[in-house]
Each structure stands twice: as structure tokens, then as C-alpha cells.
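Take a look at the structure set out below.
Lettering follows sequence order; numbering is per chain, from 1.
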Number of protein chains: 2
Amino acid sequence: MKVTINDVAKHAGVSMKTVSRVINKEPSVRKKTYDLVMQAVEELNYQPNTAARNLAGTSSFAIGLVYDNPNAYYVIDMQNGVLSRCKEEGYELVIHPCCAQDPDMHKEIATMIQRSRLAGLVLTPPLSEQQDIIDMLDSLGVAYVRLLSGQSHASAACEGKTEEHKANNCIYVDDYAAAYEITEHLIKLGHKTIAFACGDAEHKSTTERLAGYQQALKDHDLTLNEDLIYEGTYSFESGVEGAKALLKNNNAYKITAILGGNDEIAAGALFASRLMNIAIPEQLSISGFEDSPFSRQTWPKLTTAHQANSVISEHAARLLFSKTRGSRKQDKDIITTFTPSVVVRESTGPAPV
Amino acid sequence: MKVTINDVAKHAGVSMKTVSRVINKEPSVRKKTYDLVMQAVEELNYQPNTAARNLAGTSSFAIGLVYDNPNAYYVIDMQNGVLSRCKEEGYELVIHPCCAQDPDMHKEIATMIQRSRLAGLVLTPPLSEQQDIIDMLDSLGVAYVRLLSGQSHASAACEGKTEEHKANNCIYVDDYAAAYEITEHLIKLGHKTIAFACGDAEHKSTTERLAGYQQALKDHDLTLNEDLIYEGTYSFESGVEGAKALLKNNNAYKITAILGGNDEIAAGALFASRLMNIAIPEQLSISGFEDSPFSRQTWPKLTTAHQANSVISEHAARLLFSKTRGSRKQDKDIITTFTPSVVVRESTGPAPV
DNA sequence: ATGCAGTTTGACAGCGTTGTCATTTTAACT
DNA sequence: AGTTAAAATGACAACGCTGTCAAACTGCAT
């Protein structure tokens with residue numbers, strides 16, 4: 001039942017070490033030997049024992065995915081992207097949901113790394129933005145990849161970091177550009193008074209998206225107004241509250257469009273609009289951000305900015321693997337900057353006259 | 001930096017084996033010795049090496065969670081429930097999304113088990129219902145827990161199984177009772193023509209929910225009508241299609257309520273109703289199933305059957321752990337049958353007159 | 001043929017824990 | 001105090017693999 005590397009070695013008439021070389025795709029194995037061993041592996045249906053490999057080897061065959069995100073769709077996409085890569089590389093994935101606020105956060109992560117001897121970590125926002133965690137990882141000498149919001153290498157979360165760090169440890173999502181684009185879409189529809197319902201203040205993406213929105217207004221000679229910005233969180237409930245607050249005494253401002261910080265906020269705004277008997281998009285345009293499945297399941301469907309989370313996380317995993325163990329083939333196809341693109345659906349329309 | 005069991009042993013003045021006994025909570029360790037060792041563990045901040053434990057021990061400190069479910073909320077809840085238990089027991093969780101249709105499914109799972117030497121598996125529907133997978137696991141001698149839809153020990157998925165199997169390997173969700181209850185809720189609101197939009201046929205839960213619905217109708221002397229049953233899948237899109245199909249020529253039947261197979265289907269039905277200008281709940285009542293966050297983010301909010309997935313999966317993990325390694329304390333608080341309870345929100349109302 | 005550098009292979013000792021079994025200590029009796 | 005069974009502890013060999021380093025083999029120029 002249980003086939004060890006030794007069995008394979010005997011079967012193929014080589015040493016254990018050679019079998020090891022083959023399954024680890026190490027160079028300097030003759031093609032003939034390689035085939036011989038592979039055949040034995042097939043015939044015996046050999047499965048390398050992860051525990052033994054982890055113990056004997058320098059680093060282990062497991063990476064971690066750390067997140068603090070209430071959005072199920074986001075998390076699942078992240079997992080699947082990383083998992084697909086792990087499968088290919090023969091790595092295990094240790095998932096670790098956690099609470100970014102927790103002051104013992106980095107201790108908890110350190111413990112996890114030590115116990116499982118993780119080869120690396122993929123960090124999603126907002127944890128990827130926390131300096132104390134990065135410092136801890138650096139001091140531990142663990143490889144990691146940070147998913148960051150920002151315009152490529154200029155991201156504020158990387159201030160004071162070397163170019164080398166930025167290039168090797170970060171994947172960027174250009175929320176600024178996406179927000180700019182989506183705001184411009186609204187402006188072109190004739191909207192002049194556009195509100196913004198923000199997500200969590202501690203997420204860098206909130207700042208980036210807000211900045212993109214503001215720059216778009218500025219570039220089109222529209223006045224910025226603090227009163228049109230609602231500071232909330234990345235949740236449906238916050239979207240409801242935000243829309244209510246913004247539209248409460250709308251006579252003064254005549255808001256004709258609301259930009260949601262993400263799809264959940266936009267869905268919440270949609271919900272609030274119904275409560276207030278406001279027709280979407282006739283009286284008010286609403287747009288989301290992220291293009292989660294959610295945005296297709298509201299009424300009307302949400303205009304949003306498409307963000308391919310599973311692709312992004314897959315590239316994060318690639319980047320991580322390029323730094324671990326083998327580094328066999330240099331993976332040159334890694335994309336490090338993603339810019340979400342606007343998807344126009346039914347929740348936005350021409351500004352009412 | 002790296003603290004081994006040997007360091008702790010020296011520090012505490014005992015043998016490695018004794019330290020091992022302490023961290024594994026084995027009996028027959030004097031209280032005094034226990035404290036002594038624990039202190040050393042604290043002082044040195046010792047973290048047992050998972051790989052070594054997995055290799056040396058009989059079974060490993062990792063369990064697997066296998067699922068094939070497109071519903072992100074469901075998956076996340078399942079993960080979190082199992083994870084919370086794993087954390088407490090010091091186990092790792094290996095997640096494994098897969099495709100139930102895949103004919104090589106059980107091979108893939110077998111490979112995963114062998115590679116990671118998993119101590120056990122938690123299986124969610126529909127994989128928990130596939131006999132070939134169960135057989136494979138039995139032959140491998142791996143512990144597992146099946147999440148099943150059905151009335152406790154009478155579940156059809158367990159036909160031909162011993163009582164012992166049913167009690168030790170299964171967690172039941174009584175979808176039948178829940179569907180009965182929710183149908184009754186509609187009947188009490190005066191509805192006489194209630195349609196049912198089914199989920200995937202291969203899911204046992206579909207059959208169970210359908211049966212509960214039918215029995216409720218029967219018990220209240222309402223006629224069953226095949227035409228009122230739409231066979232679809234557990235998706236939003238299917239809900240849209242289902243509602244459209246059911247309501248297309250509604251003059252013949254005068255459907256006043258639709259029972260969705262789950263929340264997504266119900267949300268889809270809601271969406272379709274909007275398309276057809278049908279007021280919810282004034283002209284048509286719609287109810288969901290599962291009480292995912294989703295059901296609170298539609299307009300109007302969905303009446304549904306609350307199913308505490310994270311609690312359910314936590315108990316599944318408990319049951320699994322009661323069969324592995326330690327089995328230390330007999331966990332007597334494991335709940336093996338859950339019955340979802342009706343949550344009334346705004347999508348259901350009195351039948352129109 | 002001979003030598004030499006480069007390539008390919010193998011022997012063997014760990015990696016950090018737990019299982020087995022022997023040994024020592026304790027408690028509970030005469 | 002002396003005996004005995006039970007409880008607590010320890011010594012040591014695995015577990016299945018990889019890292020290290022030495023040995024054997026290659027091809028190629030002499």
C-alpha cells in the first residue's frame with residue numbers, strides 16, 4: 001500500500017538520491033535515467049511523502065495565504081488562484097484567516113510559519129500594508145508577496161523600500177486608475193455631482209480609489225466637495241447607511257451618481273435607494289468596484305470595475321514560487337501590475353435633466 | 001531561533017519523550033512534571049515542528065476539507081467552522097476544492113491523502129453522497145465525516161450502512177423538516193398554489209427539500225402539481241430562468257408563492273420578478289433556503305431557512321477529531337443533526353386575494 | 001591509450017519528532 | 001519493612017526524505 005522512495009529506487013535499479021533528484025526535477029540527471037525512474041514511479045504509483053520532504057529539506061513544501069477579509073467572494077477567488085499554482089508546483093496551501101486589528105497578529109503569523117515551516121506567504125490587504133508584519137517576515141527571512149493597492153512601484157505602502165523589494169515582493173492593483181476611469185464614465189454620462197461612498201479607512205485601496213475619483217473630477221473641471229464623500233466600511237450595511245446619509249437632504253447638492261467603494265457598498269446603496277423610492281438609473285446612477293458575482297445579482301445589475309482576483313492571486317503565487325526552492329525555470333510571464341477595467345451594466349445611465 | 005524538543009527537555013531536566021508526552025497531552029504525566037515542562041515550553045517559546053510530528057507519528061496533524069460548491073458563502077463558512085476546531089486541536093487544514101463530476105475524483109483525493117498523510121477528511125455534499133468515494137476512503141482506512149442531507153439516521157445516502165457508521169461518520173441537516181416548515185409558513189399566509197424551484201438534481205438536499213415541500217402541501221390538503229416544480233441548479237441564473245418559466249403563463253395556475261431551493265435561486269427569482277413587473281411580496285411571495293448573507297442583501301430581504309454552516313462544520317470537525325489520534329476527552333457535546341429554522345423577512349407576505 | 005574537467009550517480013548521515021519497550025519511581029498492600 | 005502491581009519516565013530506533021560529499025562515469029583533447 002505504502003510506497004517509499006526506496007521501493008522506487010530498487011524497482012528502477014538506481015539509488016534513492018537519484019529518485020529524489022528526478023521527483024524534484026533537479027538538473028544533471030540523464031534523460032535515460034529520468035525516464036527509467038519516472039516509469040518506476042508510475043508503475044508503483046509512488047506519492048512523495050510531504051512530511052518527510054518538509055523535514056529533510058531546507059524549506060518546506062507549503063505556503064501560507066493570510067487574509068482578513070469579510071468578503072467571501074474575494075477570499076474564495078484568492079484561494080483558488082493560489083491553489084491552482086500550488087497544485088502545479090506540488091505545494092500545500094495553509095490558509096490563515098485572521099484579524100488585522102489584533103495586536104498579537106504578527107506573533108500569531110510567526111507561530112504559524114514556524115510550526116509549518118512555511119516556504120512563503122501571500123499577504124492580502126490590509127495585512128499586506130502593515131509594516132510590523134513585513135518587518136517580522138524580513139527578520140524571519142521568510143519569502144512573501146504583498147498584494148498592494150497603488151500605482152505600481154509608486155505605492156505608498158512601499159515607501160522607503162528598495163526598488164528590488166518593490167519588484168520582487170509586490171503585486172499591484174491600480175485602484176487609482178480604475179476609479180479614475182469609472183468616474184470618467186459617469187462624467188461622460190453627464191453627471192456633475194458625483195458622490196463617493198468609501199470603504200475602510202485603513203485599507204490603502206480606499207485612499208487610492210478616492211484619489212482616482214478626485215483627480216477625474218478635477219481633470220474635468222468639476223468641484224470637489226467634502227460633503228459628497230461618505231466614510232464607511234467595505235460592507236453592504238455601510239452602503240445602505242452611506243446612501244441614506246448622502247441623499248438625506250439632497251436638495252442642496254443634487255447628487256445624480258454615487259460611486260461605491262466596492263460592489264457590496266454599491267449594492268447597499270441600491271437597497272437604500274429602493275427604500276427611498278429612487279429609480280436606478282433614471283434618477284440616480286450607482287457604480288460598484290471589483291466585479292464580484294454579487295454585482296451581477298442585484299437589480300439592476302451593477303456597473304463596476306472588473307478585477308480578476310483569481311488571476312491576480314495566481315500571479316502572486318507565481319512570484320512567490322520564483323523565489324523559493326527550485327526557482328527552476330525563471331517565470332518570466334508574471335504580471336505585477338493589474339488595472340481593473342470598467343464594466344458597464346444597468347445601474348448607471350445618463351444624468352437626469 | 002529554532003527551538004527543538006531536545007532544548008526544552010534539557011531546559012526542564014527531563015527526557016525528550018516526556019516533553020513529547022506533555023505537548024501531546026498524553027495521560028500518565030505527573031502534574032509537577034507537566035508544569036515544569038510547560039514552563040520550559042513557554043520560556044523558550046517552543047513550537048512543535050509539524051513536519052517531524054507528521055513523519056514520526058502514526059497519523060499526521062492535518063485534516064482535509066473537500067468540497068465542490070460554487071457558493072462562496074457556503075465554502076467560507078465551512079472552512080471557518082473546521083478551522084476554528086483545527087486551531088484548538090493544533091491541526092492543519094488542507095482545503096481541496098474539486099469537481100464532483102470528474103471521474104478521477106477519488107484517485108485525486110486518494111493522492112492527496114497519501115501525500116499529506118491526512119488524519120481525516122470532512123466531506124461536503126455532493127461528494128459526501130458519492131458511494132465510490134466512501135468506498136475508497138474505507139479501503140484506505142482513513143477517518144472521515146460526511147455532511148449529509150436527510151432526516152438524521154434515515155438518510156438515503158446511508159442505505160445499507162451500519163448504525164455504527166451512521167452515528168460515527170455522519171452529520172445530518174434535516175432539509176426535509178426545514179422545507180416542510182417553510183412551506184407551512186407560506187400555507188399559513190394563505191397561499192394555495194406554491195411553486196418550487198429546485199437545485200441540482202444530484203444533490204440529496206434537493207430531493208429532501210422537495211419531499212418536505214410536498215409533504216407539507218399534502219398535509220394541508222393542497223394538490224401537488226408537477227408543473228409547479230422547476231428543475232434547475234443551485235444558482236442565481238437558474239433562479240431567474242426558473243421564475244420566468246414558472247410565471248410565463250401564470251393565468252393557468254395562479255402561482256402566488258415560489259419556494260427557492262436556496263437563497264441564490266430565490267434571489268434569481270426576485271430578479272426575474274422585477275423584470276416582469278411583479279411586486280414582491282404583494283403579488284408574489286418568494287422564499288430562500290440557507291440564510292446566507294446574500295438573503296439579507298436583496299430587495300426585499302429574503303424569508304429563508306437559517307442554516308448555521310460554520311457551526312455545522314465545526315461539529316463535523318469535532319466528530320472527526322473524536323476519532324483521530326488522541327481521542328483524549330470524549331467530546332460528548334457533538335450535535336449530529338441540525339434542523340434549519342425559518343427566518344421570516346420581507347419577501348413573503350399574505351397571499352393576494 | 002592517457003589524462004583531465006565536467007557530468008552523473010551513490011553512500012550515508014541527519015531533519016525533529018513519536019512508538020516501543022525497558023527501567024525507575026510511586027503507591028498500596030501485607 | 002518488604003513485596004507487588006501500577007504509574008511515570010527514559011533510551012533508542014525508526015519515520016521517509018534530502019543535503020553533503022565522495023566516487024564513478026562520461027567525452028574530448030592530447
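With sequence neighbours excluded, the residues forming a side-chain contact (heavy atoms from CB on, under 4.5 Å) with B:Glu92 are A:Glu92, A:Val94, A:Ser116, B:Thr50, B:Ala62, listed by chain and number. Residues forming a salt bridge (charged side-chain N to carboxylate O under 4.0 Å, His left out) with B:Asp104 (at least two apart in sequence, or on another chain): none. With sequence neighbours left out, B:Leu140 forms a side-chain contact (heavy atoms from CB on, under 4.5 Å) with A:Met1, B:Ala110, B:Ile113, B:Met136, B:Val142.
Residues B:Asn309 and B:Tyr73 fail the side-chain proximity criterion, which asks for heavy atoms closer than 4.5 Å. Within the 4.5 Å cutoff, no side-chain heavy atoms of B:Leu148 are placed close to those of B:Pro125.
For the contact set between residues 35-45 of chain B and DNA chain D, defined by any heavy atom under 4.0 Å, there are no members.
At whole-Å resolution of the value, CZ in A:Phe61 and P in D:dG16 are 17 Å apart. Atom NZ in A:Lys31 sits about 19 Å away from atom C1' in D:dT26, given to the nearest Å.
B:Tyr34 does not carry B:Lys25 over the face of its six-membered ring by the limits of under 6.0 Å from the centre and within 45° of the normal.
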When you check every protein heavy atom under 4.0 Å of nucleotides 7-16 of chain C, what one-letter string (B, S, -) results, 5' to 3'? -SBBB--BBB
Secondary-structure string, 5' to 3', Watson-Crick or G-U under 3.5 Å, | for another-strand partners, for DNA chain D: ||||||||||||||||||||||||||||||
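In summary, of the residues considered (B:Met105, B:His106, B:Arg146), a side chain to side chain contact (heavy atoms under 4.5 Å, CB included) with B:Leu127 occurs for B:Met105 alone.
Sequence order on DNA chain D of the closest nucleotides to B:Tyr34 and A:Ile23 puts B:Tyr34 first from the 5' end.
Here A:Asn6 does not reach the OP1 or OP2 of D:dC17: none of its side-chain N or O atoms lies under 4.0 Å away.
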